[in-house]
Each structure stands twice: as structure tokens, then as C-alpha cells.
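Residues: numbered from 1 along the sequence shown.
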Amino acid sequence: MDESLDNGLSIKKNLIWNSVGNLIYLGTQWLFTYIVAILLGFTEAGVYALAVSVCSTFHTIASYSMRNYQASDIERRYTDSEYAGSRIVTSIIALIGCGALVLIKRYKPEPASCIMVFMLFKLTEAMSDVYQGSIQLRSRMDYVGISFALRGVATPAAFIVLLTITKSLVLALMGVTLASASIVCFYDRNKAHDLAYTSSISLSNILSLLKACFPTAAYGLLFAAAGQLPRMAIESTAGTEALGFYSSIAMPVSIIQISASFLFNMGRTLSIGNIGPGPWV
């Protein structure tokens with residue numbers, strides 16, 4: 001076991017850091033629809049919800065459901081650079097696929113622009129995920145939690161400021177994308193490289209990795225599509241304003257789900273941590 005693993009945090013601390021960071025980030029992301037509805041109205045909220053639905057589906061292609069595989073690769077079958085390289089490949093495929101769907105559906109200029117910009121934002125999340133996988137493997141989820149918290153503060157701040165000043169959803173999403181990309185480049189990437197990052201890379205290994213993760217990636221895509229296709233159908237049949245109303249009404253359910261998951265994970269972590277001393281403490 002290398003030094004980075006020996007110096008990692010306990011399981012209890014890792015879970016707490018990750019849970020708190022995720023709560024901050026996901027909670028603020030889900031509030032974006034309300035912010036758009038308040039500042040620009042339900043039609044623009046529908047445009048934003050459409051972008052979220054389309055890009056969330058293609059984000060599963062970019063992330064390739066690889067995180068669990070990467071975080072459990074304690075034998076270092078693949079290097080950190082090979083995981084990052086595979087993520088670049090899947091991100092390019094996801095971006096091309098998203099662009100193709102926009103052309104096929106013949107969305108109007110504003111929805112099309114919002115979808116493509118939001119897809120770039122989701123790709124920054126995908127790159128953050130692969131760096132966080134390297135960090136998780138070294139048992140330093142405090143860095144992951146801080147990353148989520150930073151993006152949970154920076155992205156809504158950029159979004160609200162730009163949306164208020166410009167009244168443009170596209171420009172606001174550009175600001176969100178730049179804020180997220182900056183944190184990924186200057187925080188996530190640096191922290192991953194600080195923790196004994198392995199840089200050797202082989203094309204054959206990247207292809208082998210993609211093949212190994214394909215079954216879970218296919219499942220992840222189908223699961224995500226099942227949840228997002230109904231929203232896309234609402235937009236196609238009833239219009240973006242109707243989707244804006246639906247997304248705003250459904251938002252409390254998402255917030256309750258996030259909160260319940262957070263409380264469950266925290267309660268389970270703390271209860272296990274009270275069993276006794278050891279690696280949990």
C-alpha cells in the first residue's frame with residue numbers, strides 16, 4: 001500500500017466530507033430552475049429544464065459509470081492518466097451525440113445554444129468525477145467534499161449574477177461552465193496530481209478499460225434516459241412553458257430526496273462510528 005493510502009482519512013470522515021459536499025452542491029444545482037422561473041419566467045425555466053434533461057442523459061455517456069470501478073482499482077490495473085484519457089474519449093462522444101440530437105430535433109437557436117453550453121458544463125463535471133476517483137482511491141474524500149462545496153458556491157453565484165445583469169440564460173450558463181471548469185482545473189486536477197498521480201498511458205489499456213466498464217455504462221445510460229425522456233416528451237408535446245411549470249412543481253420532491261439521502265448516510269455513518277475505535281474513527 002502506498003504512502004497516500006496510509007495517510008488517508010478514516011472511513012467515517014470520508015463519508016461525512018463526501019455527504020456534506022454533495023448536499024451543498026446538489027442542493028444548489030436543483031434550485032437553478034426556481035431561480036430561472038423567478039427572474040425570467042416559466043418559459044425560460046422550461047428551456048433550462050430541457051437542457052438539464054438532454055444533457056443529463058449524455059452526461060452518463062461521458063462519465064461512463066466508471067467511478068465505482070476506478071475507486072475500487074486498488075491493484076492499479078489502470079493508471080490515473082488512463083482513466084483521465086478514457087474520460088476525454090467518452091466526453092467527446094457525448095458532446096458529438098448531444099450535438100447530433102440538437103440537429104435532429106431542430107431546436108430553436110436559444111434552446112439549442114443552452115443545451116450545448118450546458119453540455120460543456122456537464123463535461124466539466126465528468127472530468128471532475130475522474131479526478132475525484134483518483135482522490136477517493138487514496139482515501140481523501142475531504143478534497144472531494146471541498147470541491148463540491150466550492151462548485152456549490154461558485155456556480156450559483158455566477159449564474160445569479162449573470163442572469164440578473166444580462167437576462168440571458170445562455171450567458172448565465174456560460175458563466176457557470178467557466179466557474180466549474182476553473183475549479184476542476186485549478187483544484188481537482190492539482191489535488192489529484194498531489195496524491196501520487198500515475199501518468200503512464202497506453203491506448204490499448206484505455207480501450208480495455210472502456211470495454212470492461214461498458215455493461216455498467218449501458219445500464220447507466222438506460223437508467224438516466226428512463227428518467228429524462230418523460231420531461232423531453234412534455235417539451236415536445238406541450239411546449240417549454242409547460243415543462244417549466246412541471247419542473248418547478250416537481251422540484252420539492254428532488255430536494256426531499258437529496259435531504260433524505262444525506263440524513264440516511266450521515267446517520268448510518270455516525271451509528272457505525274459509535275460501535276468502537278478502529279478505521280471508522
Please lay out, stage by stage, how Leu137 and Ser134 fare under the test side-chain contact (heavy atoms from CB on, under 4.5 Å). CA-CA 5 Å; Leu137 189 58; Ser134 297; 5.8 Å; no
Distance in Å, [X] [atom1] paired with [Y] [atom2], rounded so as to fall on 0.5 Å steps:
| X | Y | atom1 | atom2 | answer |
| --- | --- | --- | --- | --- |
| Leu221 | Thr60 | CG | OG1 | 4.5 Å |
| Asp129 | Asp188 | CG | CG | 10.0 Å |
| Trp30 | Ile35 | CH2 | CD1 | 14.0 Å |
| Leu163 | Ser168 | CG | OG | 8.0 Å |
| Lys105 | Leu103 | NZ | CG | 13.0 Å |
| Tyr246 | Glu235 | OH | CD | 14.0 Å |

Does atom CG of Asp194 have more than 12 heavy-atom neighbours from other groups under 6.0 Å away?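 More than 12 within 6.0 Å, yes.
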Let me know which of Leu243, Thr237, Leu101 forms a side chain to side chain contact (heavy atoms under 4.5 Å, CB included) with Met232.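 Output: one option passes, namely Leu101.
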Kindly assign one of parallel, tilted or perpendicular to the pair [X] and [Y], based on the angle between their ring planes and the thresholds 30° and 60°.
| X | Y | value |
| --- | --- | --- |
| Tyr64 | Phe214 | tilted |
| Phe118 | Tyr48 | perpendicular |
| Phe245 | Phe42 | parallel |

Pair Arg138 + Asp80, salt bridge at N-O below 4.0 Å: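 The answer is yes: the pair qualifies as a salt bridge.
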Between [X] and [Y]: side-chain donor-acceptor atoms closer than 3.5 Å:
| X | Y | answer |
| --- | --- | --- |
| Thr79 | Ser81 | no |
| Ser180 | Thr124 | yes |
| Thr28 | Arg151 | no |

Flag, side chain of [X] to backbone of [Y], donor-acceptor distance under 3.5 Å:
| X | Y | result |
| --- | --- | --- |
| Thr90 | Ser86 | yes |
| Ser208 | Ser204 | no |
| Tyr69 | Cys213 | no |
| Asn22 | Asn18 | yes |
| Arg87 | Ser63 | yes |

For [X] and [Y], which heavy atoms make the closest approach, and how far apart are they?
| X | Y | value |
| --- | --- | --- |
| Phe58 | Cys98 | CE2-N, 3.6 Å |
| Glu82 | Ser200 | CG-O, 4.0 Å |
| Thr57 | Ala224 | OG1-O, 4.2 Å |
| Cys185 | Asn190 | O-OD1, 4.0 Å |

